[in-house]
Participant: 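First, the structure itself, so that you have it in front of you.
In the text below, chain A, chain B and the rest are named by the order of the sequence lines, each starting its count at 1.
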Protein chains: 2
Amino acid sequence: MKATPHQLLCFQAVAETGSFSAAARRLGLSQPALSRTVRLLEEALGARLFDRNTRNVALTPVGAELRPIAERLGAEFGGAYGELARFVAGGRGRVTVAALPSIAAVLLPAAIAALAADRPDVEVLIADALSGPVLDAVRDGRAEIGLTVQPPPSAQLDYRPLLSDAFGLVCRDDDPLAARDGPAWSVFAQRPFVAMAPASSVRLMTDAVFLQAGLAVTPLFQCAFLGTAGRLVAAGLGITALPRLTLPLAAPPGLAWRPLARPATRRQMGIVTRANRSLSPAAAVLLDLIVAEARRAASLSEADGP
Amino acid sequence: MKATPHQLLCFQAVAETGSFSAAARRLGLSQPALSRTVRLLEEALGARLFDRNTRNVALTPVGAELRPIAERLGAEFGGAYGELARFVAGGRGRVTVAALPSIAAVLLPAAIAALAADRPDVEVLIADALSGPVLDAVRDGRAEIGLTVQPPPSAQLDYRPLLSDAFGLVCRDDDPLAARDGPAWSVFAQRPFVAMAPASSVRLMTDAVFLQAGLAVTPLFQCAFLGTAGRLVAAGLGITALPRLTLPLAAPPGLAWRPLARPATRRQMGIVTRANRSLSPAAAVLLDLIVAEARRAASLSEADGP
DNA sequence: TGAATTGATGTCGAGCGCGCATGAAAGCCA
DNA sequence: TGGCTTTCATGCGCGCTCGACATCAATTCA
């Protein structure tokens with residue numbers, strides 16, 4: 001009751017060449033093997049497929065009926081296999097990345113550009129969110145890759161650190177603070193502080209540092225976007241603390257960045273994936289590209305060690 | 001590099017049940033066998049299909065990609081197999097019958113009606129022609145079945161006699177000849193003879209009888225159709241000789257038929273098929289029906305022996 | 001902490017498909 | 001017409017695949 005694809009291939013070869021010997025040569029089989037295979041197929045289907053004697057081979061009506069079917073099936077099978085192979089090779093697919101905006105902006109553009117360059121059929125979706133939703137998205141499979149700060153250890157998530165980024169003071173470049181080498185976090189106790197939104201990763205870290213250092217800092221503003229914070233600082237309304245690599249996002253010219261000391265603080269960025277779950281091939285490729293991009297960013301950033 | 005349908009079935013079962021053991025039970029396999037089969041499929045595709053530990057089984061992205069493909073392929077395969085099975089069983093197909101009109105009219109209607117009754121998807125094409133073209137059509141495959149008089153023996157054709165039909169005198173029933181028992185062929189030397197067209201099988205036989213009996217018979221008319229000949233006779237323009245079973249075709253009322261003697265002559269009708277060539281299943285069914293119909297016609301016709 | 005469930009692995013046996021050698025039939029040619 | 005060649009079928013031996021069975025490892029539940 002079963003016809004294997006191999007049997008259909010053998011049938012097709014005989015039908016096309018009109019000869020068992022020629023078909024066997026083409027298939028790289030011995031003629032007896034081919035004869036047997038065709039006979040088995042005929043028995044499986046319950047009908048003769050070729051009227052043959054030692055001199056002539058001709059399709060029977062059943063064989064003629066099978067021919068287009070086998071062809072269609074073969075094309076279907078080959079096509080499906082090709083599709084899948086491309087997916088497996090990472091040449092096709094969809095990758096969803098959940099990322100903190102500040103990290104996405106640093107690491108993703110180059111990686112995605114490199115991916116698009118030689119794998120144009122891979123679709124990349126970016127969901128930027130705060131760190132909690134990023135972890136949630138990865139945990140329940142809505143995103144394959146998460147880019148975020150180091151999360152609390154979890155059995156459901158794997159974390160792989162990529163690079164760390166020093167926090168620094170951000171102020172106008174005509175501010176006297178801009179001239180200082182290695183200002184301390186305590187400066188924020190004396191000047192209006194532009195804070196990020198409460199659940200943002202930058203805010204969580206600055207709050208932690210203030211707490212740890214026993215500093216009483218009252219945020220003057222709370223921004224959801226780095227660009228807003230940058231503009232507030234540029235307008236002279238306050239100063240803030242940001243990781244260095246996020247600086248281009250806070251973009252207005254006329255701003256200075258000085259690494260903060262006491263305590264020297266670094267934000268670690270990394271990749272989060274679902275534990276014990278395979279990545280799609282395309283996602284694996286993108287992940288490698290992100291890792292490479294992170295290495296490049298780390299080596300370019302003189303102040304940054306792992 | 002090869003995924004067998006069986007491997008895809010196993011994959012689907014695991015994907016659907018979410019469990020190797022349950023899938024194995026459903027497939028009627030042992031669980032180890034199923035495990036191995038899935039592993040082999042994964043190796044063949046070069047990618048893991050399930051993320052699994054002893055407690056959970058979940059599709060990987062590649063597995064999720066394969067799932068609809070496997071489903072489509074399975075449906076395609078099953079559908080194609082079903083189509084072919086129906087063809088093999090004779091439930092679907094096209095049969096071309098080449099036949100002498102006089103024989104077709106006798107044997108085909110009942111056989112085709114019986115065929116259409118329980119195999120509505122079998123298409124029957126009838127090509128009525130003279131005996132030469134009938135043989136040609138069968139010889140080169142344009143027709144699978146030929147209905148004709150006994151042909152000259154040929155290595156390319158098989159002939160199977162069905163029934164034989166006595167020639168008789170056809171005249172008006174008010175003709176004095178109609179009262180005679182067993183008139184002889186010599187009557188045609190004395191009365192206007194309505195002949196059939198030169199290449200028709202009836203004409204060939206009547207000519208042969210006249211030649212053999214040394215009778216000089218000049219045809220008065222030559223008809224291509226039996227109906228025409230019948231009407232000419234009915235109009236009193238002449239008499240003719242026809243096999244008994246063709247009489248209904250020569251139809252007008254008021255005609256008599258009397259078996260001819262000296263020599264008693266029978267037309268043998270039979271089935272011609274291509275030698276060493278399989279019939280399509282549907283054609284084989286039709287052939288059997290024709291044979292049955294011929295047997296019925298023979299038993300009904302008291303004057304007809306084999 | 002022990003019992004039960006589930007997937008993986010090792011081993012063995014049966015069946016299938018392959019190649020090789022050989023047989024039978026049909027056409028070709030002298 | 002009788003060899004020769006070509007072509008498909010068949011018998012045999014072998015290796016690979018796939019099956020079941022027994023067993024192991026890991027995880028959950030009581």
Side-chain angles (χ1 to χ4, degrees), chain A residues 1-45 47-60 62-63 154-156 158 274-278, chain B residues 1-45 47-60 63 154-158 274-278:
Chain A
M1 220 40 194
K2 273 221 126 130
T4 68
H6 180 234
Q7 288 174 330
L8 291 182
L9 274 176
C10 288
F11 163 76
Q12 281 183 293
V14 175
E16 278 171 32
T17 60
S19 151
F20 279 70
S21 312
R25 279 192 296 278
R26 182 208 281 191
L27 293 168
L29 290 180
S30 71
Q31 170 267 317
L34 182 59
S35 272
R36 291 183 73 89
T37 301
V38 170
R39 195 167 57 75
L40 287 177
L41 177 60
E42 287 177 329
E43 282 166 13
L45 297 178
R48 260 183 117 63
L49 297 170
F50 297 101
D51 283 319
R52 49 193 185 272
N53 53 34
T54 56
R55 216 58 201 176
N56 293 297
V57 174
L59 282 170
T60 62
V62 175
S154 149
Q156 299 172 65
D158 285 341
R274 227 168 149 187
N276 304 317
R277 281 288 200 278
S278 306
Chain B
M1 223 31 198
K2 273 220 128 141
T4 68
H6 180 234
Q7 287 174 330
L8 292 182
L9 274 177
C10 289
F11 163 75
Q12 281 183 292
V14 175
E16 279 171 31
T17 60
S19 152
F20 280 69
S21 310
R25 276 192 298 276
R26 182 209 283 192
L27 292 168
L29 290 179
S30 69
Q31 169 265 318
L34 181 60
S35 273
R36 291 180 75 91
T37 302
V38 171
R39 195 168 57 77
L40 287 177
L41 176 60
E42 288 177 329
E43 282 165 13
L45 297 179
R48 255 180 123 60
L49 297 170
F50 298 101
D51 284 320
R52 51 193 184 273
N53 53 35
T54 56
R55 218 59 201 173
N56 293 296
V57 174
L59 283 170
T60 62
S154 150
Q156 299 172 65
L157 293 176
D158 285 341
R274 229 169 148 185
N276 305 319
R277 282 285 200 280
S278 306

Participant: Could you tell me how far apart A:Phe50 (CZ) and D:dT7 (C1') are, to the nearest whole angstrom?
Facilitator: 15 Å
Participant: Mind calculating the distance between CZ (A:Phe20) and P (C:dC18) to the nearest angstrom?
Facilitator: 14 Å
Participant: A:Leu29 has a side chain; which of C:dC18, D:dA20, D:dC8 sits nearest to it?
Facilitator: C:dC18
Participant: Can you check the A:Asn276 CG to D:dA26 C1' distance for me, whole Å?
Facilitator: 12 Å
Participant: OG1 of B:Thr37 to CG of B:Leu8: how many Å apart, nearest 0.5 Å?
Facilitator: 11.5 Å
Participant: Round to the nearest Å and state the distance from A:Arg48 atom CZ to D:dC8 atom P.
Facilitator: 13 Å
Participant: Kindly say if A:Ser19 contacts the phosphate of D:dC8, meaning a side-chain N or O under 4.0 Å from OP1 or OP2.
Facilitator: yes
Participant: Determine whether any donor atom in the side chain of A:Arg36 lies under 3.5 Å from an acceptor atom in the base of D:dT10, or the reverse, and answer yes or no.
Facilitator: no
Participant: Can you tell me the distance, in whole Å, between the CZ atom of A:Arg39 and the P atom of C:dC16?
Facilitator: 12 Å
Participant: Please report the distance, rounded to the nearest Å, between CG in A:Leu40 and C1' in C:dC16.
Facilitator: 9 Å
Participant: Whole angstrom is fine here: how far is it from CG in B:Leu27 over to C1' in D:dC18?
Facilitator: 14 Å
Participant: Measure across B:Arg26 and B:Ala13 and return the closest heavy-atom pair with its distance rounded to 0.1 Å.
Facilitator: NH1-CA, 4.3 Å
Participant: For B:Arg55, which contact category applies under a 4.0 Å heavy-atom criterion: base, sugar-phosphate, or nothing?
Facilitator: base
Participant: At under 4.0 Å between heavy atoms, what does A:Asn56 touch on the DNA or RNA strands: base, sugar-phosphate, or nothing?
Facilitator: nothing
Participant: So which nucleotide from C:dA21, C:dC18, D:dC8 ends up closest to the side chain of A:Arg52?
Facilitator: D:dC8
Participant: Does B:His6 put a side-chain nitrogen or oxygen below 4.0 Å from OP1 or OP2 of C:dC16?
Facilitator: no
Participant: Name the closest nucleotide to the B:Thr54 side chain, picking from C:dA26, C:dT6, C:dG10.
Facilitator: C:dT6
Participant: Tell me whether the side-chain N/O atoms of B:Ser21 come closer than 4.0 Å to OP1 or OP2 in C:dG7.
Facilitator: yes
Participant: Roughly, in whole Å, what's the span from CD in A:Gln31 to C1' in C:dC20?
Facilitator: 12 Å
Participant: Mind checking if B:Ser30 touches a base, just sugar-phosphate, or nothing, with heavy atoms under 4.0 Å?
Facilitator: base
Participant: Between B:Arg277 and A:Asp51, what is the shortest heavy-atom contact and its length?
Facilitator: CA-OD2, 3.1 Å
Participant: Using atom types as modelled and distance alone, determine if a side-chain donor or acceptor of A:Glu42 lies under 3.5 Å from a backbone N or O of A:Leu49.
Facilitator: yes
Participant: Ignoring backbone atoms, establish whether B:Ser35 has a side-chain N or O less than 4.0 Å from OP1 or OP2 of C:dT9.
Facilitator: no
Participant: Can you say whether the rings of B:Phe20 and B:Phe50 are parallel (under 30°), tilted (30 to 60°) or perpendicular (over 60°)?
Facilitator: perpendicular
